[in-house]
Amino acid sequence: MITPDEALSTVLRNVAQLSPVCLSLADALGCRLSEDIQAPCDFPSFDRSMMDGFAVCLGSVSGRYRRMGILKAGESWPIPLHAGECVEIMTGAPCPLGTDLVFPYEDVESDGAWMTSTQNHELGQYMSKRGSECRNGETVLKKGTIVTPLVIAVLASFGQKTVPVIPPPQVAIIVTGREIVREGRFLEEAQIHDANGPMLMAMACMLGVTKIGSQSADDDLFSLTQALEQASEAEVVLITGGVSEGLFDLVPEALQKTGAEILFHKVSQKPGKPFLFARKGGRLYFALPGNPLSAHLCFHRYVTPVIRMMQGNILPSFRDRGIARITPNQSGRTRFELARVQGDRGTDQPFRLTVYEGRHSSDLFSVHKANSIVCVPPSKEGDTASFKEKDWEFEWLESARMEDMWS
Ligand SMILES: Nc1nc2c(c(=O)[nH]1)N[C@H]1C(S)=C(S)[C@@H](COP(=O)(O)OP(=O)(O)OC[C@H]3O[C@@H](n4cnc5c(N)ncnc54)[C@H](O)[C@@H]3O)O[C@H]1N2
Ligand code: MOO
């Protein structure tokens, strides 16, 4: 059986970044730009008042200016100001031609016909000059930039409706098993509700996936192959259940029947031993063992990096260290244990880990507070089975939230 590291490198060797597409600004949130973006005009595109007050054309020795009228944002002044004239101007309005500076209301006295400045001034004050943020044709956003709400604001400022990005993959989820009842329908005896489908959908959403199909299949070849055919739009296909040794675990056979090449089946890990990885052209298939914690681990460890790489992301290391007491691993397989990290805010004390050990991969209820995973390698021969507190490396789960970990 291959090791988890060998499994991960086989998976990663088979991933390619997706081709760029143009998405609406909202759909592009979280994606990487696939091209540099140039400003289509100067920004701001006119000399803009930064304050409510008076736009003045200098020239008055006494500091008194003739008030020529009012200029709202969204309007422009038709004629140039002459020396000693001013216009009452609102923030965001274009300064009239001839404006030397803007006085805020706080720095003047005005009687309606005349305005007198009461403070010193500087040329150009409170004017955001045309092109002062960027010039027409200037590169304002670099290829590879992640589209955040601030990037969306920049693009929207140029009037751009779409943007070229590396999209997230389309994901299809196939939930197998006759005993699984979906979408809250009534349970017959020996049936259970679907936990994997909603969990995997949520995990994909956390990685920015927006197009997720979900369907179910019975434990027979016809139903499984039909479901696999229906998933042929997706770049990532997740199948849960039916991948182990049972008489009705037919997912490997169904994948082969549809022409997918199985790259490995079974990994020396706990949970998730029956995990299978296959591909057909650019489409990757992950057959995740049916027990929810196995499906969770296999998604976290093998599917998450794939979805990131398809979107042109590097693989960040969400690793940290914390103190824990963990039973030595004499299973012969690499153990991945869910854990809860906690810290003391404002101290430099190391993180502490509560490791949810000894759970079966169907024991969902006691681990839902987990925010991390610890990898416990198999003990080496001759290791005394000591059980001491020590410093362990852990990996944050995608769903971990900082505000939830401080005690
Ligand atoms: N003889 C052997 N039996 C098993 C082995 C083995 O090596 N030899 N491996 C065990 C391990 S480890 C796992 S994990 C499971 C995985 O089996 P399958 O992937 O074939 O999954 P199923 O048998 O279909 O289901 C297992 C378990 O999970 C429940 N399940 C399935 N889907 C869902 C869902 N969508 N939501 C909630 N729960 C689900 C299902 O009812 C079963 O209880 O095989 C062991 N057997
Ligand atoms: O590998 Mo299974 O995932 O332990 O239950």
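Indexing begins at 1, ligand by ligand and atom by atom, following the structure's order.
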Point to revise | F54-F103 aromatic ring centre distance below 6.0 Å | key: no

If you have a sec, work out which protein heavy atom is nearest [atom] and how many Å separate them, to one decimal?
| atom | answer |
| --- | --- |
| atom 7 (O) of ligand 1 | K273 NZ, 3.2 Å |
| atom 23 (O) of ligand 1 | D249 OD1, 4.0 Å |
| atom 2 (C) of ligand 1 | E245 CG, 3.6 Å |
| atom 37 (C) of ligand 1 | A195 N, 3.6 Å |
| atom 40 (C) of ligand 1 | E179 OE2, 3.1 Å |
| atom 27 (C) of ligand 1 | N291 OD1, 3.2 Å |
| atom 30 (N) of ligand 1 | G290 O, 3.3 Å |

Under 4.0 Å from a heavy atom of [X]: which atoms of ligand 1 are those, numbered in the order shown and with their elements?
| X | value |
| --- | --- |
| G241 | 19 (O), 21 (O), 24 (O) |
| V175 | 35 (N) |
| I192 | 37 (C), 38 (N), 39 (C), 41 (O) |
| D194 | 34 (C), 35 (N), 36 (N) |

Pair [X] + [Y]: basic N to acidic O under 4.0 Å:
| X | Y | result |
| --- | --- | --- |
| R301 | D5 | yes |
| K266 | E245 | yes |
| E389 | R352 | yes |
| R135 | D42 | yes |

Review point. Can R319 and E395 be said to form a side chain to side chain contact (heavy atoms under 4.5 Å, CB included), step by step?
Key: CA-CA 4 Å; R319 281 161 203 229; E395 210 173 296; 3.2 Å; yes

Exercise for review: Over all heavy atoms of both residues, which pair between M90 and Y105 is shortest? Give the atoms and the distance, please.
Suggested key: CE-OH, 3.3 Å

Check your understanding: Distance only, no hydrogens: is a donor on one side chain within 3.5 Å (strictly under) of an acceptor on the other, for S223 and D218?
Key -> no

Check your understanding: When you look for protein heavy atoms under 4.0 Å from ligand 2, which residues do they belong to?
Key -> P271, G272, K273, P274, N291, S294, R333, S361

Practice item. Any chance you could measure Q269, atom CD, to T3, atom OG1, to the nearest 0.5 Å? Key: 9.5 Å

Exercise for review: Measure the OG-CE distance between S128 and M50 for me, rounded to the nearest 0.5 Å.
Suggested key: 5.5 Å

Study note, to complete from the structure: Check: of G242, S244, S361, min heavy-atom distance to atom 5 (C) of ligand 1 comes from S244

Study note, to complete from the structure: In terms of its nearest heavy atom to atom 33 (C) of ligand 1, the top option of N196, T240, V243, L297 is N196

Practice item. Kindly confirm or rule out an N or O of P289 lying under 3.5 angstrom from an N or O of ligand 1. Key: no

**Study point:** Heavy atoms from other residues, nucleotides or ligands near CD of E229 exceed 12 (cutoff 6.0 Å)
**Key:** yes

Review point. For S294, is the nearest heavy atom under 4.0 Å from an atom of ligand 1?
Key: yes

Exercise for review: Run the numbers on I146 and V151 for side chain to side chain contact (heavy atoms under 4.5 Å, CB included), then give the verdict.
Suggested key: CA-CA 8 Å; I146 291 184; V151 168; over 6 Å; no

